[in-house]
There are 2 protein chains.
Amino acid sequence: MAAQGPSRRDRVRQATLAEIRAVARKLLIEQGPAAVTINAVAREMGMSGPALYHYFAGHDELVGAVTADFFRELTAVVEAARDSCPPDEHGRRLLAACRAMRGWAITHQAEFGWVFASPNTAERRPDSPRELAGRDFEQVFLEEVAELWKARPFPVPAPGELHPSIAEQLRVYADSSGVDMPVEAVHVFLTCWIRLYGLLCMEVLNQLSFAYSDLEPVFEECLREMIPKLGLDYDEATSSR
Amino acid sequence: MAAQGPSRRDRVRQATLAEIRAVARKLLIEQGPAAVTINAVAREMGMSGPALYHYFAGHDELVGAVTADFFRELTAVVEAARDSCPPDEHGRRLLAACRAMRGWAITHQAEFGWVFASPNTAERRPDSPRELAGRDFEQVFLEEVAELWKARPFPVPAPGELHPSIAEQLRVYADSSGVDMPVEAVHVFLTCWIRLYGLLCMEVLNQLSFAYSDLEPVFEECLREMIPKLGLDYDEATSSR
DNA sequence: ATGGTTCCCTAATGGCAGTAAGGAAGCCTC
DNA sequence: GAGGCTTCCTTACTGCCATTAGGGAACCAT
């Protein structure tokens, strides 16, 4: 007798779900975001359009699921890069994670761009898979910095030096994300995050092509500026020791 | 006899063009980017859909024209703010321009977000009105920094210290934009630009709402970090002297 | 076997971009 | 001022889209 696993029906369903998302991604890559339609995905699979409604409540949900996939894949890539460095070398781990993020972004421009400017940029419920996966992704960096903070605290603004409004907002955020750092350290982290992620955002949305054709050295310089803010040494973190 | 101005026909046509763009903007603000369709705009004006094709070659061109309008309006607002400060106080002028940019961005979130994630983020010809207006906008900041450089050069990396690839890319850019600064100074400018504009980009695309609800103080802090890079004093530039 | 569940289909609605063809109105020249 | 050209706008149409409704077939548990 077979092990009491998921039923055959369940397995087929999961396979279909996976195929739908794979086809959606293929269409995105090959023909752009606008080509990711319920009908086109179904057609590509040899199904009728309405059949897909047994798997996704509508176009928005499909878009959200695909976006969540991208976040999960990106998270895995970044975690793998991070874990290719020893657990105590936080500088190297962070740099590896950041570079892996950009590496994925430029080798998967369609996917990364989709994350920022997906068809439904607006109405997002905070409990959607998309948002959960997005927070998980960001959490990878946050936790690595928290580890760093625990092992070797970096310089932060003195309590009270922070703008009161920022301090209050970050208190809420730190509570909700359950990270164990003072808000001042969270602020330093987010400042770095905004610069890195913002640079990628602009790169991928073609907002910098008027001046740059290759932003790799700009990104690297951004890292070089970021690393000392976390009390780390760029050369040390870059060299293989 | 009337002055030899544009013919009546021309005037009517210009008025219709203006109304189309105004209605498109109204739809964007009231119902989001997806509501800006040829048909909806025409309906709102009491016209049939196909009639709009006498004014715009297609949906993409309409989108581009509206985007160009936004850039032009933003440019005017930023220029006005800049010119409200004396011509020789470059620090105050720059700060005023930056704050005006964010002010417009948050009071016109729909429009500013549209600039980044308009329906046709992809294929953009460099001679489209959208691109021209976009470069004019960015030029406002570039030129103010160039003035500053002429009046009181700020510290820049030594020649050769810059990554060769960046130097080469910026040489091309500096030539094409006809600005009279060494590439090292252009690099400092673009570094600042990327931070400011990137922050706004992320804010407006809702990429930071997981942590922040009000980014005004974050933006202000960004300015505070930026200003010394241009050899200016934040307090001096902020105070009214 | 049977009854419910799941899956998928066709049909249909209404909206979209864009094309085609024709009518009316303005304008310009002879 | 009469024809003729241009411009503007219309309706009709194609083919796409999202989504809903309803029905048939396969599957599964009892």
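The figures that follow rest on heavy atoms only: side chains count, while hydrogens, waters and symmetry mates do not. Chain letters run A, B, ... following the sequence lines, proteins first and then strands; every chain starts at 1.
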Quick one: A:Leu17 CG to C:dT6 C1', roughly how many Å, whole number?
-> 13 Å
Rounded distance (Å) that lies between atom C1' of D:dC17 and atom CD of A:Gln31 | 15 Å
Summarise protein proximity over nucleotides 19-30 of chain D in one line of letters, 5' to 3': B for base, S for sugar-phosphate only, - for none, counting protein heavy atoms closer than 4.0 Å.
-> BB------BS--
So does A:Arg135 pair up with A:Glu138, basic N to acidic O under 4.0 Å?
-> no
Take B:Leu52 and A:Arg43, find for each the nucleotide of DNA chain D with the closest heavy atom, and name the residue whose nucleotide sits nearer the 5' end.
-> B:Leu52
Which pair of non-hydrogen atoms, one from A:Val183 and one from A:Ala167, has the smallest distance, and what is that distance?
-> CG1-O, 4.1 Å
How would you label the contact of B:Thr37 with the nucleic acid (heavy atoms, under 4.0 Å): base, sugar-phosphate, or nothing?
-> sugar-phosphate
Using only side-chain N and O atoms of B:Ser48, determine if any of them is under 4.0 Å from OP1 or OP2 of D:dC9.
-> no
Tested for side-chain contact (heavy atoms from CB on, under 4.5 Å) against B:Phe137, the lone hit among B:Thr75, B:Leu142, B:Leu132 is B:Thr75
Between C:dG18 atom P and B:Glu61 atom CD, what is the distance in whole Å?
-> 10 Å
Whole-Å distance between C:dT6 P and A:Gln14 CD?
-> 14 Å
Please walk me through it: do A:Phe210 and B:Tyr173 pass ring-ring contact (aromatic ring centres under 6.0 Å, His included)?
-> CA-CA 8 Å; A:Phe210 68 94; B:Tyr173 167 62; 5.7 Å; yes
Within this structure, what is the CD1-to-C1' distance between A:Ile20 and C:dC8, rounded to whole angstrom?
-> 12 Å
Quick one: label A:Ala51 by what it contacts on the DNA or RNA (base, sugar-phosphate, nothing), any heavy atom closer than 4.0 Å.
-> sugar-phosphate
Between C:dT5 (C1') and A:Tyr55 (OH): distance, integer Å = 13 Å
Select base, sugar-phosphate, or nothing to describe what A:Phe56 touches, counting heavy atoms under 4.0 Å on all strands.
-> nothing
Would you say C:dT6 has OP1 or OP2 under 4.0 Å from some side-chain N or O of A:Arg13?
-> no
Report the distance from atom NE2 of A:His187 to atom OG1 of A:Thr191, rounding to the nearest 0.5 Å.
-> 4.0 Å
Starting from the C-alpha separation in whole Å, work towards a yes-or-no answer on ring-ring contact (aromatic ring centres under 6.0 Å, His included) for A:Tyr197 and A:Phe116.
-> CA-CA 11 Å; A:Tyr197 204 52; A:Phe116 288 107; 5.2 Å; yes
Any salt bridge between B:Arg25 and B:Glu73, counting N to O under 4.0 Å?
-> yes
